[in-house]
Amino acid sequence: MNVPQTEPLKHRHSILIVDDEESILNAFRRILADEDYEIHTASDGQEGLNKLRVAQKPFSLIISDQRMPVMNGVQFFAAAKDIFPDAVRILLTGYADTDAIIDAINKGGIHLYFTKPWREEELLVQIKQSLYKNELLMENKRLIELIKRQNDELLNLNKTLEEKVRQKTSDLMAKAEELKASYEKVQIILDGTVKTMSKIVETRDPYTSGHEVMVAVISCKIAKEMKLPLEQIEAIHIAATLHDIGKISVPSEILTKPGRLTELEMEIIKTHCRVAYDILKTINFPYPIADIVLQHHERIDGSGYPQGLKGDKILLEAHIIAAADVIEAMASHRPYRPAQGVEIAMEEIVKNKAKLYDSNVVDACMRIYKAEGERAFLQGANSMFEAKPPSMSEM
Ligand SMILES: [Fe+2]
């Protein structure tokens with residue numbers, strides 16, 4: 001007979017053989033003598049079950065006779081199956097007892113059966129294949145358990161990670177809320193400080209009351225028209241509101257003088273840019289406010305003051321405030337002279353486009369004026385009076 005070969009076994013296996021005939025047990029001992037198995041024998045089912053119950057390590061293979069005193073093979077296997085469910089079970093029958101075999105398969109969960117007498121060679125191979133099958137089953141079980149354990153670990157890790165991410169997200173959101181509240185608080189304080197500083201100048205020159213606020217409004221309008229970033233618009237708003245804060249050092253008589261200023265008085269007025277710079281540079285604004293304010297009287301052709309800067313040496317923010325300053329000063333009514341109107345103010349900046357005022361800024365002003373008319377910049381502008389550029393003390 002052509003006997004199939006099996007893979008080499010990896011473990012030393014325990015085998016239990018149960019038979020009431022000592023000669024059969026001896027025959028097994030002899031057949032398996034050369035194999036590296038741990039052989040246990042029992043002369044009836046009860047003794048076999050006792051050996052299974054006290055076993056130190058699991059049995060891989062259980063072989064039992066069918067016809068025995070105390071209990072038959074089927075009854076023995078039915079109980080043995082509960083003790084070592086993974087063991088391979090082989091039934092020995094003295095003859096072709098079909099009913100016993102079917103019973104053994106159903107109740108005893110047997111995997112194989114042999115009818116006596118058997119061929120030793122075939123029996124040896126079947127035992128080895130059964131043990132090999134047991135090894136595969138156990139390995140399969142071990143791998144399934146390993147995968148299950150790793151899955152559980154991954155699941156736990158996932159849960160922990162999810163919890164950590166949730167916690168971190170919640171912490172970050174709380175921090176963001178805190179920062180937002182703190183930022184809003186700072187903004188309120190900054191806004192209040194800026195308004196207060198601007199008011200101080202206003203109280204010294206009531207004739208130009210509201211000038212700073214209006215220049216800030218117009219400057220922001222121009223900046224928005226030029227599609228500047230919000231942060232830059234905010235900087236322009238602060239700088240425009242504070243642009244004349246340096247007038248705090250100019251005597252009130254000069255600020256409110258209705259007539260023409262002397263050369264000395266004009267020089268005193270011009271110091272307001274530098275004075276403002278010195279005041280503002282000490283404040284840690286998040287934008288270069290002091291520099292913008294310092295340059296709000298600079299002009300493209302270098303005819304401005306205090307540094308006589310030219311072209312792109314002047315900050316864009318300063319260009320915007322310069323244009324807004326001129327428009328507001330020309331278009332507004334003053335107690336000592338009538339308003340000249342937005343239209344005249346527009347003519348002034350267009351006439352001096354790229355000479356005194358930045359071209360992009362002038363273009364933005366014109367777009368606003370064309371879209372919204374006189375109301376674009378100021379209320380109450382009146383153009384029926386004689387047009388003339390604003391005097392030095394008005395800007
Ligand atoms: Fe000014």
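Counting starts at 1 for both ligands and their atoms, in listed order.
- We find that Glu35 and Lys128 are joined by a salt bridge, their nearest charged nitrogen and carboxylate oxygen being less than 4.0 Å apart.
- In this structure a side-chain-to-backbone donor-acceptor pair under 3.5 Å is present from Glu47 to Ser43.
- Among the heteroatoms counted here (N, O or S) of Asp244, OD1 is the one nearest to the Fe ion (ligand 1).
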Problem - Residues His297, His243; criterion side-chain hydrogen bond (donor to acceptor under 3.5 Å, both in side chains); working and verdict - result: CA-CA 10 Å; His297 280 286; His243 76 280; over 6 Å; no

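- Salt-bridge annotation for Lys148 and Glu145: absent, with no side-chain N of the basic residue lying under 4.0 Å from a carboxylate O of the acidic one.
- At least one N, O or S atom of His272 sits under 2.8 Å from the Fe ion (ligand 1).
- The Fe ion (ligand 1) is the vertex of the angle joining NE2 of His297 and NE2 of His296, which measures 80° to the nearest 10°.
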